[in-house]
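Notes follow the structure.
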Amino acid sequence: MPTAANHTERFAAKVLDWYASNARNLPWRAAGTSPWGVLVSEVMAQQTPVTRVAPQWVAWMNRWPTPAALASASAADVIAQWDRLGYPRRALRLHECAQVLCQRFHGEVPRDLTALRSLPGIGDYTAAAVMAFAFGERALVLDINVRRVHARVFVGIANHPPHITTGERSAFDAVLPKDERAPQWSQAVMELGALVCRPVPACEKCPVAKSCAWHLAGQPAAQTRARRPQSYVGTDRQARGRVMALLRDAGGNAVDIATIEGAWHDREQLQRALQSLLADGLAEMRRDGQVSLPVSASITR
DNA sequence: AACCCGGGGAC
DNA sequence: GTCCCAGGGTT
């Protein structure tokens, strides 16, 4: 008789088989990638598509292969190397993370979920991903892809709820293999969500469509539509991005305030953006009023 | 819980 | 133009 355990096992076998012949050739999946390399890839991939991350990760790891190497770099160099990956605060936190690893963890990535979770820029997802993909441990790797696949295949709804609940965690824990396949399973489900089980799904290419609760139910529409923020154009974030682009293009040299103001139409908004960048440690104002990437000795926060 | 934080590619 | 992306931190 069919049981939930059987369903779970069939799903695992099929998705692992699918992954074996459909996995993308991402550079950090190469044999020999260090735990630090995995951690860097996960931080870069926070809200940035992996196809954009890949070339940046190669250049980054070539320049700073270890936590010690990154820790000794200047913040300005770190931000400039981050370039246009977006959310440059991640670059500062990664820099700080490397320094904490050197100060408290002998320059190595800890094989410990709680320790990882305590590091700057490392949240629930990234800590679990490092445990699974760097160390081969069983961990709940709940990214946007895994949550979407889980919601559809096992729950039968179009999308996951907006926030992770304890119920979703325990339901996910029940289907994650208990054995050594868990990391590969997570990787495979992520890949399935990224390539096939997209927001607009490609069920004709899906290896588990015939056992997908949502597909079998006729793909009912999502109950609630997530409210979208206003367009990016004209936001404070775009203004910040414009200032950061100027500072990067200056190659670490200082930029005149008039040049910065000339890059944005709203003077008050630009001032707000600049102040927030200074507060975040992403920019620095010199005594003469010019602005640059943070070139001072160190940032301690 | 709500809000903030970039940038680019696909459509 | 809209939607989406291997999330995390702050309040």
Side-chain angles (χ1 to χ4, degrees), chain A residues 19 23-24 26-29 33 37-57 79 82-94 96-97 116-134 139-150 158-165 183 185-195 197-202 222 225-248 264 269 272-273 275-277 279-283 301:
Chain A
Y19 181 75
R24 289 171 293 183
L26 300 173
W28 49 86
R29 289 178 180 170
T33 298
V38 172
L39 188 154
V40 171
S41 77
E42 294 298 343
V43 171
M44 285 185 171
Q46 291 167 359
Q47 296 294 287
T48 302
V50 295
T51 52
R52 282 179 56 205
V53 167
Q56 281 282 353
W57 180 86
I79 294 166
W82 191 261
D83 198 26
R84 291 185 281 182
L85 278 178
Y87 294 144
R89 295 193 293 196
R90 290 183 292 162
L92 281 184
R93 293 191 178 121
L94 186 58
E96 191 180 355
C97 177
L116 286 167
R117 186 63 182 80
S118 74
L119 295 169
I122 309 299
D124 287 336
Y125 162 76
T126 305
V130 170
M131 287 299 283
F133 306 144
L140 300 186
V141 184
L142 294 184
D143 81 320
I144 192 80
N145 294 301
V146 173
R147 295 187 65 211
R148 186 173 54 244
V149 172
H150 180 265
N159 284 311
H160 53 77
H163 303 292
I164 296 179
T165 63
W185 185 98
S186 298
Q187 190 77 258
V189 174
M190 284 176 70
E191 197 79 339
L192 188 67
L195 299 181
C197 196
R198 313 257 316 154
V200 178
R225 189 68 182 160
R227 184 172 298 279
R228 295 285 160 197
Q230 66 175 357
S231 168
Y232 174 59
V233 176
T235 60
D236 287 8
R237 284 155 71 178
Q238 188 186 29
R240 282 169 54 106
R242 195 69 61 86
V243 175
M244 290 305 295
L246 276 177
L247 298 182
R248 285 194 305 265
W264 193 253
Q269 188 178 31
R272 189 163 63 240
Q275 288 306 315
S276 70
L277 290 173
D280 286 346
L282 285 165
R301 284 194 286 160

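Quick note on labels: first sequence line is chain A, next is B, and so on, each numbered from 1.
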Do [X] and [Y] come close enough that some side-chain heavy atom pair is under 4.5 Å?
X: A:Ile144; Y: A:His160; value: yes
X: A:Asn145; Y: A:Val189; value: no
X: A:Leu39; Y: A:Ile122; value: yes

Checklist entry - Is there a donor-acceptor contact under 3.5 Å from the side chain of A:Arg198 to the main chain of A:Gly193? => result no
Checklist entry - For A:Asp83, does its backbone N or O pair with a side-chain atom of A:Arg248 as donor and acceptor, under 3.5 Å? => result yes
Checklist entry - Does a side chain donor of either A:Thr48 or A:Arg90 reach within less than 3.5 Å of an acceptor in the other side chain? => result yes
Checklist entry - Any luck finding a side-chain donor-acceptor pair between A:Tyr125 and A:Gln46 under 3.5 Å? => result no
Separation of [N] [atom2] from [X] [atom1] (nearest whole Å):
X: A:Leu282; N: C:dG8; atom1: CG; atom2: C1'; answer: 14 Å
X: A:Arg90; N: B:dC4; atom1: CZ; atom2: C1'; answer: 14 Å
X: A:Tyr87; N: B:dC3; atom1: OH; atom2: P; answer: 15 Å
X: A:Gln269; N: B:dC5; atom1: CD; atom2: P; answer: 10 Å
X: A:Gln46; N: B:dG7; atom1: CD; atom2: C1'; answer: 15 Å
X: A:Leu85; N: B:dC5; atom1: CG; atom2: C1'; answer: 14 Å
X: A:Trp264; N: B:dG6; atom1: CH2; atom2: P; answer: 12 Å
X: A:Gln187; N: C:dA6; atom1: CD; atom2: P; answer: 12 Å

Item to check | Minimum heavy-atom distance A:Asn159-A:Ala222, with the two atoms named | outcome: ND2-CB, 3.8 Å
Report which part of the nucleic acid [X] touches: base, sugar-phosphate, or nothing (heavy-atom distance under 4.0 Å, all strands).
X: A:Arg29; value: base
X: A:Thr126; value: sugar-phosphate
X: A:Arg240; value: sugar-phosphate
X: A:Arg84; value: sugar-phosphate
X: A:Arg148; value: sugar-phosphate
X: A:Leu26; value: base
X: A:Trp57; value: nothing

Within the structure, does a side-chain N or O atom of [X] lie under 4.0 Å from either OP1 or OP2 of [N]?
X: A:Tyr232; N: B:dG7; answer: yes
X: A:Gln47; N: C:dG7; answer: yes
X: A:Arg24; N: C:dA6; answer: no

Checklist entry - Who passes side chain to side chain contact (heavy atoms under 4.5 Å, CB included) against A:Leu282, sequence neighbours left out? => result A:Ile79, A:Pro88, A:Arg89, A:Leu92, A:Arg240, A:Met244, A:Leu277, A:Asp280
Each nucleotide N or O in nucleotides 9-11 of chain C that has a protein N or O under 3.5 Å away: list the pair and distance.
| unit_1 | atom_1 | unit_2 | atom_2 | d |
| --- | --- | --- | --- | --- |
| C:dG9 | OP1 | A:Gly121 | N | 2.9 |

Item to check | Distance between P atoms of B:dG6 and C:dT11 (Å, rounded) | outcome: 16 Å
Checklist entry - When the C1' atoms of B:dC3 and C:dA6 are considered, how many whole Å apart are they? => result 22 Å
Per [X] side chain, nearest of listed nucleotides [options]:
X: A:Ser231; options: C:dA6, C:dT2, B:dC5; value: C:dT2
X: A:Arg237; options: C:dC5, C:dA6, B:dC5; value: B:dC5
X: A:Pro88; options: C:dA6, C:dT2, B:dG6; value: B:dG6

Checklist entry - Pick the nucleotide of DNA chain B nearest each of A:His163 and A:Arg248; which residue has the one closer to the 5' end? => result A:His163
